[in-house]
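Quick note on labels: first sequence line is chain A, next is B, and so on, each numbered from 1. Given the structure is predicted, the values throughout are model-derived calculations rather than measurements.
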Amino acid sequence: MLDVKFVRENMDAVREALRRRRSPVTLAGFEELDRERRETLSAVEKLRAERNAASEEIGHLRREGNDASALMERMREVSAAIKEKEAGLPDIEHRMEEVLHSLPNVPDPSVPEGEREEDNPTVRTWGDRPAFSFPVRDHVDIGTALDILDFDRAAKIAGARFCLMKGAGALMERALINFMLDVHTREHGYTEVLPPFLANSASFFGTGQLPKFEEDLFHVTGTDYYLVPTAEVPLTNIVRDEILSAGSLPLKMTAYTPCFRAEAGSHGKDVRGMIRQHQFNKVELVKICRPEESRGELETLTADAERILERLSLPYRVVTLCTADLGFSAAKTYDIEAWIPSQGRYREISSCSNFTDFQARRAKIRFRDGATGKIRLAHTLNGSGLAVGRTVVAILENFQQEDGSVRIPEALRPYMGGMDRITKAKGRS
RNA sequence: GGAGAGGUGGCCGAGUCGGCUGAAGGCAACCGCCUGCUAAGCGGUUGUACGGGUAAAACCGUACCGAGGGUUCGAAUCCCUCCCUCUCCGCCA
């Protein structure tokens, strides 16, 4: 959410931001609503001031044993007038909020303007893409043949966009989670958190998923709970409605959670395999920091995620999302994309964003500035460190062997009981 | 699920029969004094949001004592609904 005052005083800048984003949202009605709201508010406040003064007077008179019935009679009317005037406020404020809540974050000046995903410039590329002397198979074929992935039976249990992992596949998923958490906590200085996997609507509003993107979420019927689509929601909301001490910043947290996404509107997209699932595992990185630090923190956050891919010897590239591809709440986002041999292209495996004060304003995440003693909004950032399922996909495909087995990246072997290769298990599945 | 207790400022914690309580007192923080340093001590300052006002301040108004309604000239204080926390019992991984 943007600051009302900022919008009011920088209408042109906001319009320019919307244009850069290719957003269909407009500021239509904002000025009139804002003026209407302020006029009504000021009229109500004048009446309230009158009533407050009179009430005090009545108190005085009564204490001294004087008659105050005339004043009380007059105030009865004033109170009625207040009620009448006030009645219009909720509607105005509601419409005002609607406009305000629909405005996306202002992109950072360094974000390139673009029309579509293809306009995202590559920032850097790492690693050598494997060359295969045999026909490349995709992770579905590899995993099914090795009997470590089972999509058919997952569909029986749950439905489309679910996956069942077995044996070494399940072990690899668990190993990756542990590996990622260990690196981020021991080497990158994040505090591990195991949060609730359901959160209430206030939390979802805080990070910006609600009210605009409810259709992307799984809602638990009859409750105020939604399944988390990312650990960003519980982690960022840990400090919702809090005033932090400047000394505690930056806060760096990491968490493993399953993520649940309805994937409404992506029918027909990535239907095969585990690229796009209703449920997937992710290790998330979240930072809460001072405004001056957020640009730098985005760079280090992204680097922290990249280190994981490097340790796993998975080739990747980093792209900057152009204005049109940028998420609603983000001011700047780097996507890290891993090389997927079967598709002959890089696919998103992590998304690292700086939300500046956009989420902080919604979630009231503030800190006391030591220098001035003033309370200021913090900046929030987050990124996947990494999406675990997609990491398994990348490993299966990049490390596949001609005989159908899959080599395990060295860094992961200690987490898999020393296993260095996944081969077809004996016996029936 | 049953019974009880409670939710007040950055934190702890008073708020009597509704009126001069934005809210005592304490802690913390900040400024000054004092001190060889530290600690202690002494004096002072310190809520947030919105609106108005100002070059910027000062300043003025309104709202906020879990949330939302109600009663009243006036509600932190009374009434209703909901949420959350704690204790005991029951159930249970």
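Taking atom CG of residue A/Leu244 and atom C1' of nucleotide B/rG10, one finds them 11 Å apart after rounding to whole Å. If you measure from atom CD of A/Glu9 to atom P of B/rG52, you get 10 Å, rounded to the nearest angstrom. Nucleotide B/rC73 holds its C1' atom 16 Å from the CG atom of A/Asn66, rounded to whole Å. Residue A/Ile58 contributes atom CD1, which lies 17 Å from atom P of B/rG18 at whole-angstrom precision. For the pair A/Lys46 NZ and B/rU62 P, the computed distance is 12 Å after rounding to whole Å.
OP1 and OP2 of B/rG61 both lie 4.0 Å or more from every side-chain N or O belonging to A/Arg48. The shortest distance between the side-chain N/O atoms of A/Lys83 and the OP1/OP2 oxygens of B/rG70 is not below 4.0 Å.
With distances taken from any side-chain atom of A/Ile243 to the nucleotides B/rG10, B/rC73, B/rG51, the minimum falls on B/rG10. Comparing B/rU48, B/rU62, B/rG74 against the side chain of A/Arg366 picks out B/rU48 as the nearest. Taking every side-chain heavy atom of A/Ser79 into account, B/rC73 is the closest of B/rC50, B/rC73, B/rG10. Considering only the side chain of A/Arg368, B/rG10 comes nearest among B/rU62, B/rG10, B/rC50. Picking from B/rU72, B/rC50, B/rG10 the nucleotide with the shortest atom distance to the side chain of A/Arg76 gives B/rU72. The side chain of A/Ile375 sits closest to B/rU48 out of B/rC50, B/rU48, B/rG74.
A/Lys364 comes within 4.0 angstrom of nothing in the nucleic acid, heavy atoms only. Residue A/Met75 is classed as a sugar-phosphate contact, given heavy-atom separations below 4.0 Å to backbone atoms only. At the heavy-atom level, A/Leu41 lies under 4.0 Å from the strands shown only through sugar-phosphate atoms. When heavy atoms are screened at a 4.0 angstrom cut-off, A/Lys85 is found touching no nucleic acid atom at all. Residue-level contact check: A/Ala54 touches neither bases nor backbone, having no heavy atom under 4.0 Å from any strand. Within the 4.0 angstrom heavy-atom criterion, no nucleotide atom of any strand lies near A/Arg361. Contact annotation for A/Asn52: backbone-only contact, meaning every heavy-atom pair under 4.0 Å involves sugar-phosphate atoms and none involves a base. A/Arg74 comes within 4.0 angstrom of nothing in the nucleic acid, heavy atoms only.
On the P atoms, B/rU8 is 14 Å away from B/rU77, given to the nearest whole Å.
Nucleotide B/rA3 forms a pair with B/rU87, judged by Watson-Crick or G-U wobble geometry with both contacts under 3.5 Å. Remark: B/rC42 base-pairs with B/rG32. Criterion, Watson-Crick or G-U wobble with two distances under 3.5 Å.
Checking A/Met72 against A/Arg8, the closest nucleotide of RNA chain B that is more toward the 5' end is the one next to A/Arg8.
Shown are A/Phe328, A/Phe204, A/Phe205; of these, the ring pair (Phe, Tyr, Trp, His ring centres under 6.0 Å) with A/Phe213 is made only by A/Phe328.
Using a 3.5 Å distance cut-off with no hydrogens or angles, the side chains of A/Gln209 and A/Tyr226 do not pair a donor with an acceptor.
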> Between A/Arg48 and A/Glu45, is a salt bridge (Lys or Arg N to Asp or Glu O under 4.0 Å) present by the stated rule, with each step listed?
Replying inline: CA-CA 5 Å; A/Arg48 282 189 189 147; A/Glu45 287 182 356; 5.3 Å; no
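A salt bridge does not link A/Asp67 with A/Arg62: none of the charged nitrogens is closer than 4.0 Å to a carboxylate oxygen.
Residues A/Arg261 and A/Arg276 are not in side-chain contact: their nearest non-hydrogen atoms beyond the backbone lie 4.5 Å or more apart.
Counting distance only, with no hydrogens placed and no angle test, the side-chain atoms of A/Glu45 and the base atoms of B/rG51 include no donor-acceptor pair under 3.5 Å.
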